[in-house]
Chemist: 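Have a look at the structure that comes next, please.
All of these numbers come straight from a predicted model, not from anything done at the bench. Sequence lines set the chain letters: A, B, ... in the order given, protein chains first and strands last, and positions in each chain run from 1.
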Amino acid sequence: MYEILLKKDLNPAITLMEVSAPRLAASAKPGQFLIVRADENGERIPLTVCDYNKERGTVTIVTQKVGASSKKICDLEQGESFQDVSGPLGRPSDFIAESDEELRNKRFIFIAGGLGTAPVYPQAKYLHERGAKVDIIIGAKSADLLILEEEMSRVCDNLYICTDDGSKGMKGLVTEKLSQLCEAGEKYDQAVSIGPMIMMKFVTLTAKKYDLPLVVSLNTLMVDGTGMCGACRVTVGGKVRFACVEGPEFDAYQVDFDEAMRRQMMYKSQEVEADHKCKIRH
Amino acid sequence: MANKIDRVPVREQDPKVRATNFDEVCYGYNEQEAMLEASRCLNCRKPGCMLACPVSVKIPAFVEKVAAGDFEGAGKIIAMDSSLPAICGRVCSQESQCEGSCILGVKGQPVAIGKLERFVADWSTENGISYSEREAPNGKKVAVVGSGPAGLACASDLAKWGYDVTIFESLHKPGGVLQYGIPEFRLPKDKVVGVEIAKLKELGIKIETNVIIGRTITIEQLMQEEGFSAVFVGSGAGLPKFMNIPGESLNGVFSANEFLTRNNLMKAYSQESDTPIYAGHKAVVVGGGNVAMDAARTALRLGAEVTVVYRRTEKELPARAEEVHHAKEEGIIFKMLTNPVEILGDEKGWVRAIRCQEMELGEPDASGRRSPVAKEGALLDIETDVVIMSLGTSPNPLIAGTTPGLEVDRRGCIVATAEGETSKEYVYAGGDAVTGAATVILAMGAGRKAAKAIDEKLKG
């Protein structure tokens with residue numbers, strides 16, 4: 001079960017894996033996520049579904065080395081297996097309820113940053129295949145940290161690259177590119193932003209200026225991913241919502257990003273100390 | 001006379017020692033102790049104990065066998081009515097069920113029925129004795145959703161009767177609340193839960209973990225595409241409740257479910273586990289049930305000074321008497337008639353205190369019970385780093401929302417008869433998914449009743 005059929009390092013920090021998970025592949029939809037455990041002692045790590053192939057019975061995930069647990073995932077080799085892969089979890093993107101006819105007349109813009117580029121892919125692909133017009137902005141620190149550029153270019157009409165250092169595409173932030181497009185008179189029916197919480201917060205502020213309907217996908221802390229633990233609580237429109245079952249996508253204008261960022265950091269001090277942890281008093 | 005013997009005390013880990021580890025608190029009886037305790041039973045002609053047992057275990061009969069030293073005979077008698085005795089002997093609320101109805105309890109101490117049940121179950125495991133016999137396979141497939149007490153009990157009976165049973169579990173380990181909810185120090189995972197599950201696998205039951213019914217696959221698909229003739233839903237009551245008071249989103253506020261799942265399922269207490277947990281220097285647990293006691297005693301073992309706040313008095317604490325007793329021995333502070341109204345944070349958004357309203361007992365209400373009312377102006381701030389909300393749970397809407405024709409009530413509980421029949425033909429349900437949060441033994445009983453109903457239906 002859960003064998004890694006293909007492993008590809010997209011850059012020194014980010015790894016793509018195609019994993020055998022037939023039941024999951026058969027039911028996954030754009031916008032959903034899954035949970036993996038690298039080994040018997042592994043944490044349950046939520047990852048967005050980057051692609052799925054019903055025929056091959058596989059799902060594709062993309063992981064970035066940030067802490068001990070994500071490093072453990074990235075260190076698994078092709079031919080090895082995950083201990084667990086479970087899902088799909090969360091609600092699919094709202095647009096899957098729309099008919100192909102409706103989608104054909106719509107224009108979407110995706111604003112992706114860093115690892116958030118991965119979950120944008122299945123959404124853009126789904127829409128592009130159904131005839132919707134799709135533009136994508138991808139942001140990265142530098143050219144060597146860009147991921148899935150080629151794949152993305154195949155599922156959209158216009159692909160815009162922004163790098164902090166100008167090593168590829170426009171030198172600047174994704175928010176500046178979004179402003180540029182809107183100022184130039186480009187019109188979109190729907191915007192979707194996926195990336196670091198801080199980026200999504202600023203994309204929200206930018207989109208607001210142009211009255212652009214915007215959805216964000218929240219990568220909160222989670223344990224079970226099925227609504228049991230409440231670690232993923234976010235305040236949306238003044239109400240407490242569980243990102244795992246009521247999200248992960250929400251109307252960006254309703255999200256309390258500052259609280260979400262603070263809650264995301266809950267266990268950060270422990271992650272740093274992961275090498276010399278002492279959990280029980282003596 | 002037999003009843004002149006005092007109840008045989010059960011050996012336990014010293015409270016000071018056990019407050020720093022996750023090993024089982026209670027050691028249980030040895031053979032001599034069990035026989036002596038069993039000899040206290042009067043073998044009443046009308047056994048109140050048996051009537052008070054939700055699954056009607058033939059208590060006097062098995063206790064008599066224990067007294068005679070025939071432990072295998074005792075095991076056979078228990079197995080007729082209970083499929084998880086090692087678990088029930090440890091977590092059932094005996095004082096309000098079997099032992100609460102024991103005639104010896106009127107003037108003295110009741111027979112330690114729970115400890116005897118546990119002894120028989122553990123003895124059977126240690127001696128490799130299994131009481132289950134399997135009928136020839138009948139070729140009919142039944143799906144069981146959830147591997148908690150209801151699902152395990154239902155699957156076990158159906159497998160014995162020759163059904164081809166597959167259990168679908170959403171988490172990565174089977175056991176449901178036995179795995180994620182009840183801590184190791186009360187219910188050892190490898191020694192007890194793992195053993196019970198291994199026994200089910202010996203019966204031919206298949207367990208598919210990481211399958212979330214309603215997301216990975218639906219009940220309709222199981223019946224239409226995978227050939228299951230009937231489905232039993234024992235998905236439990238997994239959604240945590242919060243108080244909806246200000247400050248609940250601060251860092252350091254957890255549901256008991258999150259706290260316990262990190263510790264029990266993910267083994268965050270162990271050095272080997274990658275899963276983090278935070279109990280703070282001081283922790284406040286809100287609530288008075290078994291889950292609250294489990295959370296409090298877990299936080300204590302992780303190094304926190306723990307206070308339990310509860311809005312009624314100690315008499316109304318819904319937790320088992322033994323858990324409250326153990327918690328106190330271990331040094332948990334109990335603040336009764338105390339009701340949180342707000343959680344206060346520091347400048348970084350972490351919990352610093354919990355503000356509580358002091359309560360007092362008011363006039364008796366219609367039911368004759370004096371309910372707590374706020375004491376005018378009496379607010380109390382308790383300094384703390386962590387707040388663990390243990391206010392009960394409600395059923396997960398995932399299955400109901402993805403199964404057309406499955407009726408739920410306004411609380412989200414699946415509507416089912418006492419036999420487990422739902423509004424949808426060939427779909428049965430039982431346990432917390434139907435009743436809302438209740439007990440292991442009630443869920444087990446519901447699972448067994450549904451198994452019987454499924455058998456009757458499929459035999460046609």
Side-chain angles (χ1 to χ4, degrees), chain A residues 1-2 21 23-24 26-28 32 34-35 37-45 67-69 72 83-90 221 223-235 240 242 245 256 258-260 262-263 265-271 273-274 277-282, chain B residues 19-22 170-173 180 208-212 214-218 221 236 238-242 244 248-255 257-263 265-279 300-304 348-350 389 393 396-398:
Chain A
M1 283 287 260
Y2 315 128
R23 278 199 186 279
L24 211 170
S27 48
Q32 291 187 302
L34 49 74
I35 282 182
R37 278 203 327 143
D39 61 28
E40 190 48 46
N41 296 318
E43 216 178 328
R44 289 173 67 92
I45 302 287
S69 289
K72 213 178 209 183
Q83 182 77 27
D84 297 288
V85 179
S86 103
L89 295 158
L221 292 180
V223 184
D224 61 286
T226 62
M228 260 176 49
C229 79
C232 65
R233 322 203 274 294
V234 284
T235 303
V240 175
F242 283 17
V245 285
D256 182 340
D258 293 335
E259 179 192 283
R262 163 170 56 72
R263 290 186 55 81
M265 294 296 124
M266 190 113 59
Y267 294 97
K268 267 290 176 261
S269 56
Q270 288 199 13
E271 251 173 57
E273 289 163 23
K277 56 187 169 186
C278 180
K279 292 168 175 172
I280 307 182
R281 68 169 178 192
H282 283 288
Chain B
T20 64
N21 69 46
F22 279 88
S170 70
L171 293 170
H172 57 266
K173 262 192 203 155
Y180 73 76
E208 268 198 56
T209 52
N210 297 324
V211 177
I212 304 112
R215 285 273 189 249
T216 316
I217 190 162
T218 62
Q221 283 175 302
L239 299 195
K241 289 180 186 158
F242 287 89
N244 298 315
E248 269 183 318
S249 289
L250 287 166
N251 285 14
V253 183
F254 308 107
S255 72
N257 261 11
E258 175 182 357
F259 192 71
L260 290 171
T261 302
R262 284 181 183 276
N263 199 68
L265 175 73
M266 305 311 296
K267 307 223 178 297
Y269 64 87
S270 130
Q271 303 280 338
E272 282 74 43
S273 169
D274 296 341
T275 301
I277 191 163
Y278 181 70
L300 176 100
R301 281 160 171 75
L302 292 170
K348 286 182 176 159
W350 278 84
M389 290 292 182
T393 52
N396 197 318
L398 206 49

Chemist: Given heavy-atom pairs under 4.5 angstrom as the criterion, report whether the side chain, backbone, both or neither of A/Val234 touches chain B.
Modeler: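 Interface part for A/Val234: neither.
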Chemist: When you measure from the side chain of B/Ser255 to the backbone N and O of A/Cys229, does any donor-acceptor pair fall under 3.5 Å?
Modeler: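 Side chain of B/Ser255 to backbone of A/Cys229, a donor-acceptor pair under 3.5 Å: yes, one is there.
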Chemist: Can you tell me how far the CZ atom of B/Arg262 sits from the CD atom of A/Glu43, to the nearest 0.5 Å?
Modeler: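 One finds 7.0 Å between CZ of B/Arg262 and CD of A/Glu43.
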Chemist: I'd like to know if A/Arg23 pairs up with B/Glu208 as an ion pair, taking the criterion as any Lys NZ or Arg NE/NH1/NH2 lying under 4.0 Å from an Asp or Glu carboxylate oxygen.
Modeler: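 Here A/Arg23 pairs with B/Glu208 in a salt bridge, since their nearest N and O are under 4.0 Å apart.
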Chemist: First locate atom CD1 of B/Ile217, then atom CG of A/Leu24, and finally report the distance between them rounded to the nearest 0.5 Å.
Modeler: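 These two atoms lie 12.0 Å from each other.
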Chemist: Taking the side chain as C-beta and beyond, is there a heavy-atom pair between A/Ser86 and B/Ile212 under 4.5 Å?
Modeler: yes
Chemist: Drop me the distance from B/Asp274's CG to A/Glu40's CD, to the nearest 0.5 angstrom.
Modeler: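 Answer rounded to 0.5 Å: 11.0 Å.
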Chemist: So what's closer than 4.5 Å to chain B heavy atoms on A/Arg37: side chain, backbone, both or neither?
Modeler: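 Contact with chain B: side chain only.
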Chemist: In the structure I gave you, are the side-chain heavy atoms of A/Met228 and B/Thr261 within less than 4.5 Å of one another anywhere?
Modeler: yes
Chemist: Which distance, rounded to the nearest 0.5 Å, do you find between the CE of B/Met266 and the CG of A/Asp224?
Modeler: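 Here the rounded value is 10.0 Å.
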Chemist: With a 4.5 angstrom heavy-atom cut-off, which part of A/Leu34 approaches chain B: side chain, backbone, both or neither?
Modeler: neither
Chemist: Considering only heavy atoms, which portion of B/Asn396 lies under 4.5 Å from any heavy atom of chain A: side chain, backbone, both, or neither?
Modeler: side chain
Chemist: Any chance the side chains of A/Tyr2 and B/Asn210 put a donor and an acceptor closer than 3.5 Å?
Modeler: yes
Chemist: Just so I understand: if I count every heavy-atom pair under 4.5 Å between each of A/Ser69, A/Gly230, A/Gly87 and chain B, which residue has the most?
Modeler: A/Gly87
Chemist: What part of B/Phe242 is in contact with chain A, defined as an atom under 4.5 angstrom from a non-hydrogen atom: side chain, backbone, both or neither?
Modeler: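 Side chain only.
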Chemist: Please rank A/Val240, A/Ile35, A/Leu89 by heavy-atom pairs under 4.5 Å with chain B and give me the top one.
Modeler: A/Leu89
Chemist: So does B/Ser249 get a backbone contact from the side chain of A/Arg263, meaning a donor-acceptor N/O pair under 3.5 Å?
Modeler: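 A pair under 3.5 Å: yes.
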Chemist: Find the distance between CG (A/Asp84) and NZ (B/Lys173) and round it off to the nearest 0.5 Å.
Modeler: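 These two atoms lie 9.5 Å from each other.
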Chemist: Please look at B/Lys348 and chain A and tell me whether the side chain, the backbone, both or neither of the residue comes under 4.5 angstrom of a heavy atom of that chain.
Modeler: backbone
Chemist: Check each atom of B/Val253 against the heavy atoms of chain A and say whether the ones under 4.5 Å are side chain, backbone, both or neither.
Modeler: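 Both parts, backbone and side chain.
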Chemist: Given a strict heavy-atom distance threshold of 4.5 Å, which part of A/Thr226 is in contact with chain B: side chain, backbone, both, or neither?
Modeler: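 For A/Thr226, backbone and side chain are both near chain B.
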Chemist: Quick one: which of A/Lys72, A/Gln83, A/Met1, A/Gln32 has the most heavy-atom pairs under 4.5 Å with chain B, could you say?
Modeler: A/Lys72
